[in-house]
Amino acid sequence: MFNLFKKRVTINSPRAEKFTYGEDLENIDADELRNYTGDGVKIDRPLFAQTVEKHIKQTGVELDEEMLDMLTDYYEVVVRSNANINLTAITDPVEFATKHIIDSLMLSSFLEGDTRDRLIDVGTGAGMPAIPLAITHPDHRFAVIDSQNKRFEFVKFATVRVNVCNIHIGRMRAEEAGRLALYREQFEFATARAVAPLNVLTEYCMPMVKMDGCFLAMKGDNFQEEIDGAKNAIFQLGGRFEEVKEYKLPSGEKRSIVVIRKVVPCRRDLPRRSAAIKKNPF
């Protein structure tokens, strides 16, 4: 299932070109390329790296120099490419480090131990949380899916540029993946970040979770309302609500991870098609 590179690769190209997806760079000044993006956003690699180092202890990740360099490369490739493809509204290095990287790495506590653990990131967008997790957990295996071709192509571009070697990338809708043998009940963990309400996400993600595995829904501080609204969906998809892991980002914003454990195999007729899920969610 996972197409893993056998070794890391070296990209011999100017730095800004190496880290920019979808932009014609021929007529842009080289000095401007090094310091700013095509839409004038300043790239500050040292400040980003300092911020990650300052707050990494909160995630429980033991960060080495290579991991930090790769995370910094990832920050640069997202922010540079953001001028050409809408990936994130957060481009400030401090905010990117805390609201994207640190937030993504809060899932790390679920990946401790068995290196066979596999996690799928549903509706990955710019590659979060999967790419930061893959960088900091090189012995684990990850998969990402997204239905938008531009984001699918960007994630492929980013993983090569940053040399992330332990991710499988797929372009498809979640409800399609959940019916394929390649994905159905193949993962210890499934996660989704800012994609849809919990009752909808449960139907998208739970079919891909193995028995006794977990769906880890990344939410804000209004999780109780979403859990109450998703009780029927959790039951219908063979899940059992287990716990909520609450935390605060360095900025003070409250976040949560809703943990739903799979205790019964999903019915064969689930997940339904997208139109049915949206029109009549459980």
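Throughout, numbering of the chain's residues begins at 1 and tracks the sequence. As a basis for the values below, the full set of heavy atoms in this structure was taken, side chains included, without hydrogen atoms, waters or symmetry mates.
Between the CD atom of E243 and the OG atom of S256 there is a distance of 11.5 Å, given to the nearest 0.5 Å. Expressed to the nearest 0.5 Å, how far CD1 of I257 lies from CZ of R193 amounts to 10.5 Å. Atom CZ of residue R179 and atom CG of residue L270 lie 10.0 Å apart, to the nearest 0.5 angstrom. Here T159 contributes atom OG1 and Y74 contributes atom OH; the two are 10.0 Å apart, rounded to the nearest 0.5 Å. Here the CG atom belonging to N232 is positioned 8.0 Å from the CZ atom belonging to F235, to the nearest 0.5 angstrom. Taking CG of L249 as the reference point, atom CG of D103 lies at 5.0 Å (rounded to 0.5 Å).
The nearest pair of heavy atoms linking A174 to M208 is O-CE, 4.0 Å. Contact record, S108 with L133: OG-CD2, 3.7 Å, taken as the closest heavy-atom pair. Taking every heavy atom of both residues into account, D117 and F110 meet most closely at OD2-O, 4.1 Å. Considering every non-hydrogen atom in both A192 and V122, the closest pair reads CB-O, 3.7 Å. Across every non-hydrogen atom of S104 and M218, the tightest pair is CA-CE, 4.4 Å. Among all heavy-atom pairs drawn from D146 and G123, the shortest one is OD2-C, 3.4 Å.
Remark: Y247 OH is packed, more than 12 non-hydrogen atoms of other residues, nucleotides or ligands lying under 6.0 Å away. Shown here is K248, whose NZ atom has no more than 12 heavy atoms of other residues, nucleotides or ligands within 6.0 Å.
Each side-chain hydrogen bond (donor to acceptor under 3.5 Å, both in side chains) pair with one or both residues in residues 194-203, not counting sequence neighbours, appears once here: E203-R272. Among residue pairs with one or both ends in residues 216-230, those qualifying as side-chain hydrogen bond (donor to acceptor under 3.5 Å, both in side chains) are K219-E226, Q224-D228; sequence neighbours excluded. Residues in residues 248-271 take part in no ring-ring contact (aromatic ring centres under 6.0 Å, His included) pair, two or more places apart or across chains.
Neither I56 nor L47 shares a network with the other; the hydrophobic side chains, linked directly or stepwise wherever heavy atoms of I, L, V, M, F, W or Y lie under 4.5 Å apart, form separate groups for each. M206 and V264 fall into different hydrophobic clusters, defined by Ile, Leu, Val, Met, Phe, Trp and Tyr side-chain heavy atoms under 4.5 Å apart, directly or through other members. In the hydrophobic clustering of this structure, F241 groups with L198; members are Ile, Leu, Val, Met, Phe, Trp, Tyr whose side-chain heavy atoms approach within less than 4.5 Å, directly or through other members. Clustering ILVMFWY residues whenever any of their side-chain heavy atoms sit less than 4.5 angstrom apart, transitively, puts V263 in a cluster other than the one holding V259.
Scanning for side chain to side chain contact (heavy atoms under 4.5 Å, CB included) contacts around K210 gives R118, E188, with sequence neighbours left out. Residues that satisfy the salt bridge (Lys or Arg N to Asp or Glu O under 4.0 Å) test with D64, not counting sequence neighbours, are absent from this structure. Residues satisfying the salt bridge (Lys or Arg N to Asp or Glu O under 4.0 Å) criterion with R267, sequence neighbours excluded, are D269. Partners of H55 according to the ring pair (Phe, Tyr, Trp, His ring centres under 6.0 Å) rule, which considers only residues two or more places apart in sequence or in another chain, do not exist here. Take R184 and apply the salt bridge (Lys or Arg N to Asp or Glu O under 4.0 Å) test, not counting sequence neighbours, and it matches no residue.
Within the 3.5 Å criterion, the main-chain N or O of L87 finds a donor-acceptor partner in the side chain of N82. Between the side chain of N166 and the backbone N or O of D139 there is no donor-acceptor pair closer than 3.5 Å. Without hydrogens or angle criteria, T191 side chain to L216 main chain gives a donor-acceptor distance under 3.5 Å. Remark: side-chain polar atoms of Y204 are not paired, donor with acceptor, to backbone N or O of P271 under 3.5 angstrom. Distance alone, capped at 3.5 Å, places no donor-acceptor pair between the T124 side chain and the I145 backbone.
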Determine, stepwise, if the pair F223 / K254 fulfils side chain to side chain contact (heavy atoms under 4.5 Å, CB included). CA-CA 11 Å; F223 58 85; K254 294 180 180 180; over 6 Å; no
Show, in sequence, the C-alpha distance, side-chain angles and deciding distance for L111 and F189, and conclude whether the side chain to side chain contact (heavy atoms under 4.5 Å, CB included) test is met. CA-CA 9 Å; L111 300 177; F189 302 102; 3.9 Å; yes
Check step by step if side chain to side chain contact (heavy atoms under 4.5 Å, CB included) holds for V244 and I227. CA-CA 10 Å; V244 177; I227 292 170; 3.6 Å; yes
Evaluate L105 against T136 for side chain to side chain contact (heavy atoms under 4.5 Å, CB included), listing each step before the verdict. CA-CA 8 Å; L105 296 181; T136 54; 3.3 Å; yes
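Side-chain contact check for K245 versus S109: some heavy-atom pair is nearer than 4.5 Å. Taking 4.5 Å as the limit, every side-chain heavy atom of E62 sits out of range of all side-chain heavy atoms of M67. You'll find the side chain of I234 stays beyond 4.5 Å of the side chain of F215, heavy atoms only.
With respect to R240 and E242, a salt bridge is recorded, a charged nitrogen being found less than 4.0 Å from a carboxylate O.
Hydrophobic side-chain contacts under 4.5 Å tie M211 to no other Ile, Leu, Val, Met, Phe, Trp or Tyr residue.
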Return a table of donor-acceptor pairs under 3.5 angstrom between the side chains of residues 148-156 and protein atoms on other chains or two or more places apart.
from, atom 1, to, atom 2, distance (Å)
N149, OD1, R171, NE, 3.1
E153, OE1, K156, NZ, 3.4

Side-chain donor-acceptor distances from residues 275-282 under 3.5 Å, at least two apart:
none

Between side-chain atoms of residues 91-99 and protein atoms elsewhere (two or more places apart, or another chain), which donor-acceptor pairs fall under 3.5 Å?
from, atom 1, to, atom 2, distance (Å)
D92, OD2, V94, N, 3.0
D92, OD2, E95, N, 3.0
T98, OG1, V94, O, 3.1
T98, OG1, E95, O, 3.3
K99, NZ, E253, OE2, 3.1

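The aromatic rings of H137 and H140 stand perpendicular to each other, their planes meeting at an angle above 60°, with 30° marking the opposite boundary.
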